Amino acid sequence: MAIKVGDKIPEATLMQMTDKGPAPVKTGEFFKGRKIVVFALPGAFTPTCSNQHLPGFVKSADEIRAKGVDEIVCLSVNDAFVMGAWGKQQGADGKVTMLGDGNGDFTKALGLDFDGSGFGMGTRSLRYSMLVEDGVVKTLNKEQNPGEAKISGAENILSQL
């Protein structure tokens, strides 16, 4: 069953690339007492993700933060190395925190995963965005068409803040 507005974010460990290598990020601690925008996508370096979704949040980061958001997170079922490299390539440093859910545990716990094995991608995340306050989902925007980043894009989440 998929997470919905009013639900608490599940406990999981995500990974973030740092100067010292991959570092664990515990969701319970990370979301506690904070207002965070999360957007998730099927895969780093893929066309819609690289041309629309992530660039929209990088471009709108200052505007989103001006609305009281503590952090903007890009999440994908990729490892921390890939997410770190993609973030650098996209100019996300200092604007969007790139978190990897390498095994898809968090994505599966949210109920927002899909089987992309027909495309050679294994388990992946649906495309969505959400506002999370103190670990509770306040808005959830699931994309109907995985090739689009409109409902889950920066402009829409900005209008909801």
Side-chain angles (χ1 to χ4, degrees), residues 2-3 7-62 64-65 69-138 140-143 146 149 152-154 157:
I3 198 162
D7 287 351
K8 191 146 182 68
I9 291 290
E11 290 287 334
T13 301
L14 303 170
M15 297 299 286
Q16 180 178 16
M17 184 51 71
T18 70
D19 293 339
K20 296 177 183 179
V25 175
K26 306 259 185 217
T27 57
E29 298 166 19
F30 186 77
F31 287 97
K32 187 176 182 176
R34 303 173 74 209
K35 187 174 182 177
I36 299 176
V37 165
V38 178
F39 67 101
L41 33 82
F45 294 103
T46 58
T48 303
C49 304
S50 292
N51 298 329
Q52 295 174 35
H53 213 179
L54 178 54
F57 280 94
V58 169
K59 180 181 172 195
S60 300
D62 291 340
I64 291 169
R65 282 205 171 85
V69 171
D70 297 305
E71 196 152 359
I72 303 164
V73 171
C74 177
L75 177 75
S76 186
V77 180
N78 289 111
D79 62 63
F81 294 98
V82 169
M83 292 301 285
W86 188 43
K88 284 189 188 330
Q89 187 255 351
Q90 289 281 324
D93 287 349
K95 296 178 181 201
V96 175
T97 301
M98 307 297 286
L99 296 181
D101 183 20
N103 296 325
D105 296 336
F106 182 67
T107 300
K108 290 173 193 168
L110 291 172
L112 296 173
D113 59 309
F114 76 93
D115 181 3
S117 57
F119 305 103
M121 297 174 74
T123 299
R124 292 295 172 137
S125 175
L126 294 172
R127 188 181 306 282
Y128 66 87
S129 64
M130 63 181 166
L131 174 64
V132 181
E133 290 185 33
D134 194 23
V136 176
V137 177
K138 296 297 181 180
L140 178 60
N141 309 302
K142 289 191 282 185
E143 210 64 63
S152 62
I157 201 86

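Side chains are part of it too, since the values below use all heavy atoms of this structure and drop only hydrogens, waters and symmetry mates. Sequence positions, counted from 1, serve as the residue numbers for this chain. This structure is a prediction, so every number in the text was calculated from the model and none was measured.
Atom CD1 of Ile36 sits about 4.5 Å away from atom CZ of Phe30, to the nearest 0.5 Å. The distance from atom CD1 of Ile64 to atom CD1 of Ile157, rounded to the nearest 0.5 Å, is 7.5 Å. Residue Ile3 holds its CD1 atom at 4.5 Å from CD1 of Ile9, rounded to the nearest 0.5 Å. The distance from the CG atom of Leu99 to the CG atom of Asn78 is 12.0 Å, given to the nearest 0.5 Å. Expressed to the nearest 0.5 Å, how far CG of Leu140 lies from CG of Leu112 amounts to 6.0 Å. Taking OG of Ser76 as the start and CE of Met98 as the end, the distance is 8.0 Å to the nearest 0.5 Å.
Looking at every heavy atom in both residues, Pro24 comes nearest to Thr13 through CB-CG2, 3.7 Å. Considering every non-hydrogen atom in both Val58 and Gly91, the closest pair reads CG1-O, 3.6 Å. Residues Ala154 and Gly56 come closest through the heavy atom pair CB-O, 3.4 Å. What you find for Arg65 and Gly94 is that their closest heavy atoms are NH1-O, 4.0 Å. The two residues Gly84 and Met17 have their closest heavy-atom pair at CA-CB, 4.0 Å. Taking each heavy atom of Lys95 and Ala61 in turn, the nearest pair found is CB-CB, 3.8 Å.
A donor-acceptor pair under 3.5 Å is absent between the side-chain atoms of His53 and the main chain of Cys74, judged by distance alone. Side-chain atoms of Arg127 do not come within 3.5 Å of backbone N or O of Gly153 as any donor-acceptor pair. No donor-acceptor pair under 3.5 Å is formed between the side chain of Asn103 and the backbone N or O of Asp105.
Inter-residue side-chain proximity for Leu126 and Glu143 is flagged as unmet; no heavy-atom pair is nearer than 4.5 Å. Side-chain atoms of Leu54 and Val96, non-hydrogen and from C-beta on, do get closer than 4.5 Å to each other. Side-chain contact between Leu110 and Pro10 is present, with at least one heavy-atom pair separated by less than 4.5 Å. Side-chain contact between Tyr128 and Leu75: present, with at least one pair of heavy atoms (C-beta onward) separated by less than 4.5 Å. Counting heavy atoms from C-beta on, the side chains of Arg124 and Thr46 never come closer than 4.5 Å.
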For side-chain hydrogen bond (donor to acceptor under 3.5 Å, both in side chains), just list the numbers for Asn141 and Ser129, CA-CA rounded to whole Å, side-chain angles, deciding distance to a tenth of an Å, and then say yes or no. CA-CA 5 Å; Asn141 309 302; Ser129 64; 3.0 Å; yes
Please report the C-alpha distance between Met15 and Val25 in whole Å, then the side-chain angles of each, then the deciding distance to 0.1 Å, and finally whether the side chain to side chain contact (heavy atoms under 4.5 Å, CB included) criterion is met. CA-CA 6 Å; Met15 297 299 286; Val25 175; over 6 Å; no
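Classified by interplanar angle (parallel below 30°, tilted 30° to 60°, perpendicular above 60°), the ring pair Phe39/Phe57 is parallel. A tilted orientation is assigned to the rings of Phe45 and Trp86, their planes being inclined by 30° to 60°.
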